[in-house]
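A quick write-up on the structure given underneath.
Residues: numbered from 1 along the sequence shown.
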Amino acid sequence: MRQVLVARQLDERLAECFPQGRRLRVLDVGTGQGTQALRLARAGHEVTGLESDPDLLTKARSVLSGEPAEVRERVRLLEGHGRETGVHFTPGSFDLVLCHGVLMHVEEPDPVLAALGRVLAPGGLLSLLVRNADALALRPGLEGHWEAALTAFDSPVALDRGGRAVRADRLSALTQTLAGIGAPLAGWYGVRVFTEHFSDDAATPAPGELDRLLTAEDRAGRTDPYRQVAALLHLCGVRR
């Protein structure tokens, strides 16, 4: 669900930033198993995936091996961290830079964002997906975990569904950072407004309900005040 929503939002921004049919140079930092990287490669773009986890990189390469030859030729997968982009790439190398689900695992995001800004070409789009620090108390509060909810008001750290500690970001702080690296915020969305707070069983839609669920999530992610309490924030900055 997250990937579908982010893909819809990203395609909307790409249509605003670039002429239809233009082949983009894409960097996917923290590419994971390559979901967004492969989707963009299938659409005709040249994609470089940068992943610091060797196991995830192996999985991404395995998935890529099952793609048609023309898609495989458009994808390059490298091992590395987002803050090391200067080692691998020259300034202005990419039209689109994705950094989805990465900053939540980084103690200090500003150096990573500065590095990503340097490799973004003028007019290029930077797409960030982060944990929303302004909504950390919501899920434990709805579940009746009052101590965790109270702690979440004052801490940028939360537990994800797997019980791992992750760091969250505030929209206001990232807006300032994006302006500081020369890629000011052009638009933002909420991701998982409703379903993040369901139990695992309830989060799985009944047959025929998926389209309505996605429509509701998509609309909430574009509408205040709902998007402000989404579990995740999708921010899009454009390089001056």
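- The number of heavy-atom neighbours closer than 6.0 Å to CZ of R219, taken from other residues, nucleotides and ligands shown, is 12 or below.
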Given side chain to side chain contact (heavy atoms under 4.5 Å, CB included), test L126 with L178 step by step and report yes or no.
CA-CA 9 Å; L126 174 60; L178 288 174; 3.7 Å; yes

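- Listed by first then second residue, pairs satisfying side chain to side chain donor-acceptor pair (under 3.5 Å) with a partner in residues 49-65 number zero, not counting sequence neighbours.
- Using a 4.5 Å heavy-atom cutoff, the side chains of V238 and C17 are in contact.
- Counting heavy atoms of neighbouring residues, nucleotides and ligands inside a 6.0 Å radius, atom CD of E70 exceeds 12 of them.
- The side-chain contact (heavy atoms from CB on, under 4.5 Å) test applied to V157 returns S155, A165, not counting sequence neighbours.
- Between E12 and R8 no salt bridge is recorded (no basic side-chain N to carboxylate O distance below 4.0 Å).
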Please determine whether side chain to side chain contact (heavy atoms under 4.5 Å, CB included) holds for the pair L174 and L171, giving the CA-CA distance in whole Å, both sets of side-chain angles, and the decisive distance to 0.1 Å.
CA-CA 5 Å; L174 285 179; L171 176 64; 5.8 Å; no

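- Inter-residue side-chain proximity for L57 and L77 is flagged as met; some heavy-atom pair is nearer than 4.5 Å.
- In this structure, P140 and A148 approach most closely via the heavy-atom pair CB-CB, 3.9 Å.
- V6 has its side chain within reach of L129: a pair of non-hydrogen atoms, C-beta onward, lies under 4.5 Å apart.
- Surrounding OH of Y226 are at most 12 heavy atoms belonging to other residues, nucleotides or ligands under 6.0 Å away.
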Output a table of donor-acceptor pairs, distance under 3.5 Å, between side-chain atoms of residues 96-123 and any protein atom two or more places apart or on a different chain; print 'none' if there are none.
{"unit_1": "H100", "atom_1": "NE2", "unit_2": "S127", "atom_2": "OG", "d": "2.7"}
{"unit_1": "E108", "atom_1": "OE2", "unit_2": "D110", "atom_2": "N", "d": "3.1"}
{"unit_1": "D110", "atom_1": "OD1", "unit_2": "T177", "atom_2": "OG1", "d": "3.4"}

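- In this structure, D11 does not pair ionically with R13, as no charged nitrogen and carboxylate oxygen lie closer than 4.0 Å.
- Salt bridge E196/R131: present, at least one basic N to carboxylate O contact under 4.0 Å.
- Not counting sequence neighbours, E73 has no partner by the side chain to side chain donor-acceptor pair (under 3.5 Å) test.
- Within the 4.5 Å cutoff, the side chain of V47 has no heavy atoms near those of the R74 side chain.
- Counting heavy atoms from C-beta on, the side chains of Y189 and L233 never come closer than 4.5 Å.
- Side-chain heavy atoms closer than 4.5 Å link hydrophobic residues (I, L, V, M, F, W, Y) into clusters, and following such links, even through other members, never connects V4 to L40.
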Trace of the side chain to side chain contact (heavy atoms under 4.5 Å, CB included) decision for Q36 with Q3
CA-CA 8 Å; Q36 292 296 335; Q3 298 285 7; 2.9 Å; yes

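- Linking ILVMFWY side-chain heavy atoms closer than 4.5 Å, directly or via other members, places V130 and L10 in two distinct hydrophobic clusters.
- For residues 137-160, no pair satisfies ring pair (Phe, Tyr, Trp, His ring centres under 6.0 Å), with sequence neighbours left out.
- For residues 76-97, the ring pair (Phe, Tyr, Trp, His ring centres under 6.0 Å) pairs, not counting sequence neighbours, are F89-F94.
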Could you walk me through whether S172 and T175 satisfy the side-chain hydrogen bond (donor to acceptor under 3.5 Å, both in side chains) test, starting with their C-alpha distance in whole Å, then the side-chain angles of each, then the deciding distance to 0.1 Å, before giving a yes or no?
CA-CA 5 Å; S172 57; T175 299; over 6 Å; no

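- The side-chain heavy atoms of Q228 and D134, taken from C-beta on, include no pair separated by under 4.5 Å.
- Looking at D95 and L125, their side chains never come closer than 4.5 Å, going by heavy atoms from C-beta outward.
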Worked verdict on T195 versus R192 for side-chain hydrogen bond (donor to acceptor under 3.5 Å, both in side chains)
CA-CA 6 Å; T195 54; R192 299 200 69 157; 3.3 Å; yes

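- In this structure, L27 is a member of the same hydrophobic cluster as L78, with clusters built from ILVMFWY side-chain heavy atoms closer than 4.5 Å.
- Here E46 does not pair with R76 in a salt bridge; the nearest charged N to carboxylate O distance is not below 4.0 Å.
- Residues L232 and W188 are members of separate hydrophobic clusters, defined by side-chain heavy-atom contacts under 4.5 angstrom among Ile, Leu, Val, Met, Phe, Trp and Tyr.
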Could you walk me through whether V26 and T48 satisfy the side chain to side chain contact (heavy atoms under 4.5 Å, CB included) test, starting with their C-alpha distance in whole Å, then the side-chain angles of each, then the deciding distance to 0.1 Å, before giving a yes or no?
CA-CA 6 Å; V26 181; T48 299; over 6 Å; no

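- Note: the hydrophobic cluster containing V63 does not contain L50 (ILVMFWY, side chain heavy atoms under 4.5 Å, direct or indirect links).
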